[in-house]
Each structure stands twice: as C-alpha cells, then as structure tokens.
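Encoded as structure tokens, the structure appears first; notes follow it.
As the structure lists them, so they are numbered: ligands from 1, and atoms in each ligand from 1.
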Amino acid sequence: MILPIYVYGEPVLRKTAEEVDVENTDWKPLIADMFETMYHANGVGLAAPQIGKAIRIFVIDAEPFRESYPNDDLRKGAFINPVITEEWGDDFVFSEGCLSLPQISEDVTRKSNIHIEYYDEEGQFHEEDIHGIVARVIQHEYDHLEGKVFVDHLSPIKKMVLKRQLNDIASGKTKASYKTVHHK
Ligand code: NI
C-alpha cells in the first residue's frame, strides 16, 4: 500500500523515534508498504517518521546510484532499531534531497564511513562497516529517527535563503509527484 508522505513542518519529523519490539512483532507488512511508498516517490530511502510513525525503522535502495557509483556496494534493505556507533574517514560532500522536502537539494558534508548495528525484517541482528554512497543514504535516514532533516546541517545563511521554500513546503504549496501530509 502506498502511503502519503509527511512533509517538513510536521511535528512527527521532529520527534526522537522510539525503538520497536523486534522479537514479538512482524514488521514485514509495514516494511513492504515503506518500500512501495519509497519506489512510488522515486526515493532511495524512507524512514518511518516520514509516513507518520515515530518508530526506529527505515528502508533504503541505493540502486539508482549504479551509474554514478559503479564501484560501491549498492544495496537494498530494511533497518530496524539501528544504531550508528561510529562515523569516520574523509569528509564527503553530496547534494542531498528528501521526500519530505520536495524540490530542495543542497550539499551536505558527512563522514564517509559508518559502523552500524541493526535488525533486518527477519529479526536477524547485523553489525557492519558501510562506506560511500550507501553510508550517506543511511546517515540521512538515521537523522530522521533522531528528529532531524538534512537542512539542519546547513549554515544559518543557507537556511535563511531557503526559508520561503521551507514555508511553502510546510503549508502544502509545494507540489510533489506523490501524496503528502501537511497541516499548516
Ligand atoms: Ni529524508
């Protein structure tokens, strides 16, 4: 089922998301809906707060970066109760976008490597090092679980320049190719 996407200005995007019960709950149906919603909107990642649920789950599929990053280990997956325990390496500048901030993209600098612990949709625990563009997508989605969005990383001046665009998103004036939720 394709779900509507909550946009900038919605309080759910500012909450610290809660851990979920991995052992006793089947998250597969929700995760399937999240993938369907993400693909429908042509996204490479979607976090649960973006569909109005302040819980610690996100999905990614970095396949659209195949041409630009042919040597990266591009992958698709669901991350439940993820914890980024370390970030290191060179600063990596990349122009980010977000389904909750339609029509905005800006350069964001982040570290190029992460160590992450998480459960997959089968309830299996994983811990691994992830690099490059996939690490970037994960860092962006992880921010959503912490109540952050990518424009929070920009300088105050950059944010000021974007103010009108952000207000337009919050008030539903900005058109997206998918259904959005806004209350202002
Ligand atoms: Ni996003």
Side-chain angles (χ1 to χ4, degrees), residues 2-18 20 30-31 33-65 68-69 72 74-84 87 92-112 114 116 118 130 132-155 158-159 162-163 165-172 174-184:
I2 295 167
L3 304 166
I5 295 178
Y6 286 62
V7 295
Y8 184 87
E10 288 303 297
V12 69
L13 295 178
R14 291 309 191 180
K15 286 186 185 156
T16 303
E18 303 271 351
V20 299
L30 178 73
I31 285 166
D33 285 347
M34 288 176 69
F35 272 116
E36 196 182 347
T37 300
M38 180 184 82
Y39 290 131
H40 172 74
N42 293 316
V44 292
L46 183 75
Q50 296 182 275
I51 52 159
K53 294 180 188 300
I55 55 175
R56 301 188 79 83
I57 298 178
F58 62 76
V59 298
I60 66 159
D61 187 346
E63 185 56 35
F65 293 115
S68 321
Y69 296 91
D72 278 33
L74 300 174
R75 55 195 276 181
K76 165 185 171 171
F79 295 74
I80 302 175
N81 292 347
V83 181
I84 294 178
E87 295 181 287
F92 172 33
V93 181
F94 184 79
S95 179
E96 294 191 18
C98 180
L99 297 177
S100 294
L101 288 95
Q103 298 189 26
I104 292 185
S105 61
E106 291 291 337
D107 280 351
V108 178
T109 305
R110 302 182 192 261
K111 296 290 181 197
S112 51
I114 61 169
I116 189 168
Y118 64 97
I130 299 177
I133 192 66
V134 178
R136 165 61 57 128
V137 175
I138 289 173
Q139 287 163 322
H140 175 112
E141 298 313 323
Y142 192 81
D143 270 359
H144 281 301
L145 307 186
E146 299 293 303
K148 288 187 216 152
V149 292
F150 78 88
V151 291
D152 298 344
H153 292 276
L154 305 178
S155 68
K158 259 267 154 69
K159 262 187 127 167
L162 289 174
K163 198 161 189 207
Q165 275 177 277
L166 292 171
N167 284 340
D168 284 351
I169 291 171
S171 59
T174 306
K175 294 287 162 246
S177 64
Y178 40 89
K179 208 169 170 236
T180 58
V181 178
H182 59 89
H183 291 107
K184 263 197 189 165

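- In this structure, the side chain to side chain contact (heavy atoms under 4.5 Å, CB included) partners of Val20, at least two apart in sequence or on a different chain, are Trp27, Ile55, Ile57, Ile80, Asn81.
- Between Arg14 and Asp152, at least one side-chain N (NZ, or NE/NH1/NH2) sits under 4.0 Å from a carboxylate O, which counts as a salt bridge.
- Remark: Glu96 engages Arg110 in a salt bridge, criterion side-chain N to carboxylate O under 4.0 Å.
- Not counting sequence neighbours, the partners of Arg75 by the side chain to side chain donor-acceptor pair (under 3.5 Å) test are Tyr118, Glu128.
- For a distance threshold of 2.8 Å, the protein N, O or S atoms nearer than that to the Ni ion (ligand 1), listed by chain and number, are Cys98 SG, His140 NE2, His144 NE2.
- Ion pairing between a basic and an acidic side chain is recognised when a charged N comes within 4.0 Å of a carboxylate O; Arg56 and Glu141 show no such pairing.
- By the side chain to side chain donor-acceptor pair (under 3.5 Å) test, Asp61 is found to be paired with Tyr39, residues two or more places apart in sequence or in another chain being considered.
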